[in-house]
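By convention in this document, chain letters (A, B, ...) are assigned in the order of the sequence lines, proteins followed by strands, and residues within each chain are numbered from 1.
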Amino acid sequence: MARDGGVSCLRRSEMMSVGGIGGIESAPLDLDEVHVLAVDDSLVDRIVIERLLRITSCKVTAVDSGWRALEFLGLDNEKASAEFDRLKVDLIITDYCMPGMTGYELLKKIKESSNFREVPVVIMSSENVLTRIDRCLEEGAQDFLLKPVKLADVKRLRSHLTKDVKLSNGNKRKLPEDSNSVNSSLPPPSPPLTISPESSPPLTVSTESSDSSPPLSPVEIFSTSPLSSPIDDEDDDVLTSSSEESPIRRQKMRSPGLD
Amino acid sequence: MDTLIAQLQRQFRDYTISLYHQGFLDDQFTELKKLQDECSPDFVAEVVTLFFEDCEKLISNMARALDQTGNVDFKLVGSSVHQLKGSSSSVGAKRVKGLCITLKECCDTQNYEGCVRCLQQVDIEYKTLKAKLQDLFNLEQQIVQAGGRIPQVDI
């Protein structure tokens with residue numbers, strides 16, 4: 001079990017130097033693996049979400065705070081990211097209630113960034129508060145999961161990601177469906193968009209057809225989704241999760257995420 | 001006449017069912033078991049171990065806060081119990097979670113006596129669960145050592 005945060009990110013420049021090839025169209029084998037950044041201040045929850053994601057064939061980087069997440073994404077300073085090595089992050093899943101920076105605040109920062117605003121962000125919370133959910137979805141969250149997160153929830157997220165053909169600056173690739181293969185062929189420089197409709201979609205999916213149009217128009221695969229779990233009456237207290245300083249910081253962090 | 005393995009398996013099955021029926025565990029524990037396989041054969045044990053360490057630390061934090069008579073930081077207690085509620089929920093520790101909810105309510109109303117009482121119950125409850133799960137894991141080990149396989153228990 002990875003307690004070190006399991007840093008398994010792939011930096012594009014590193015991949016290229018390893019492969020010995022230049023040019024953005026050369027895709028090292030690992031590009032087809034889904035890489036998830038998981039953010040949760042609770043060690044127990046971090047271990048569980050990491051396992052849930054790994055068992056659904058995702059590579060996982062788990063960090064314990066919004067700040068660590070921004071640090072990982074290179075968003076923690078103000079300098080221009082024009083030359084910043086693009087991380088391959090396919091999904092960010094974050095807890096809502098965290099000391100210091102809430103998941104909502106992290107979501108906003110991600111959506112403000114040019115590099116990562118297209119990356120789907122999923123919020124997790126133990127509180128089923130509709131105003132909170134609405135706020136997150138309005139801010140651009142792709143989904144809102146009620147804790148405790150179950151395998152079915154993660155499988156559903158995962159099945160969406162394999163069909164994600166979103167094109168953005170840092171995340172150009174086309175994934176085969178549910179493929180764990182590391183021997184997939186290299187994608188062409190500007191892959192045409194093909195969208196395969198889901199066979200039994202749990203959510204409504206809005207798609208755009210694109211046959212001969214230029215391949216760079218982004219396509220929304222995700223839609224705002226309903227809650228993943230039924231309403232949990234015993235958890236409907238509203239927790240103030242403002243950014244005021246947290247009284248508690250965990251003294252011992254066994255899984256600090258990044259060193 | 002039952003073989004040793006069959007006896008152990010029956011014990012394991014009965015014990016597991018009783019833990020659910022008596023409300024110690026809920027279906028989130030079942031979810032954790034789904035995440036255990038040959039690659040991660042001790043996943044559940046590892047997670048609950050972390051959970052119990054969490055309990056110890058957070059309960060100790062709360063006890064210390066409640067000890068500051070006349071100057072109790074209820075916000076700190078509330079934040080700790082929120083964390084504990086979260087992790088107990090994530091591992092399926094149903095009774096602990098329930099007590100956390102009660103403790104949170106006492107905290108929100110700044111009910112000092114209630115907090116102290118509740119915290120004591122949380123402490124007892126997590127230790128009880130810890131002992132029971134230890135027994136369960138021991139049974140698993142005995143089954144494996146006897147050459148049997150751990151039965152799948154449908155609740």
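Here the CD1 atom belonging to A/Ile47 is positioned 12.0 Å from the CG atom belonging to B/Leu35, to the nearest 0.5 angstrom. The structure places SG of B/Cys39 at 12.0 Å from CZ of A/Arg54, a figure rounded to the nearest 0.5 Å. We find the CE-CD distance between A/Met98 and B/Gln83 to be 12.0 Å, quoted to the nearest 0.5 Å. Distance NE2/B/His82 to SG/A/Cys97: 4.0 Å, rounded to 0.5 Å.
Minimum heavy-atom separation, B/Gln28 to A/Val149: NE2-O, 3.4 Å. Nearest heavy-atom pair across A/Val44 and B/Ser90 is CG1-CB, 4.3 Å. Nearest heavy atoms, B/Phe43 versus A/Val48: CZ-CA, 4.3 Å. Shortest non-hydrogen contact noted between B/Lys34 and A/Ile55 is O-CD1, 3.9 Å.
Remark: the backbone N or O of A/Leu151 is paired with a side-chain donor or acceptor of B/Glu31 at under 3.5 angstrom.
Enclosure of atom CD in B/Gln22 by more than 12 non-hydrogen atoms of other residues, nucleotides or ligands within 6.0 angstrom is indicated. Applying the 6.0 Å contact sphere to CZ of B/Arg117 captures no more than 12 heavy atoms from other residues, nucleotides or ligands. The number of heavy-atom neighbours closer than 6.0 Å to NZ of A/Lys109, taken from other residues, nucleotides and ligands shown, is 12 or below.
Across B/Leu32, B/Val48, B/Asp37, the residue that shares the most heavy-atom pairs under 4.5 angstrom with chain A is B/Asp37.
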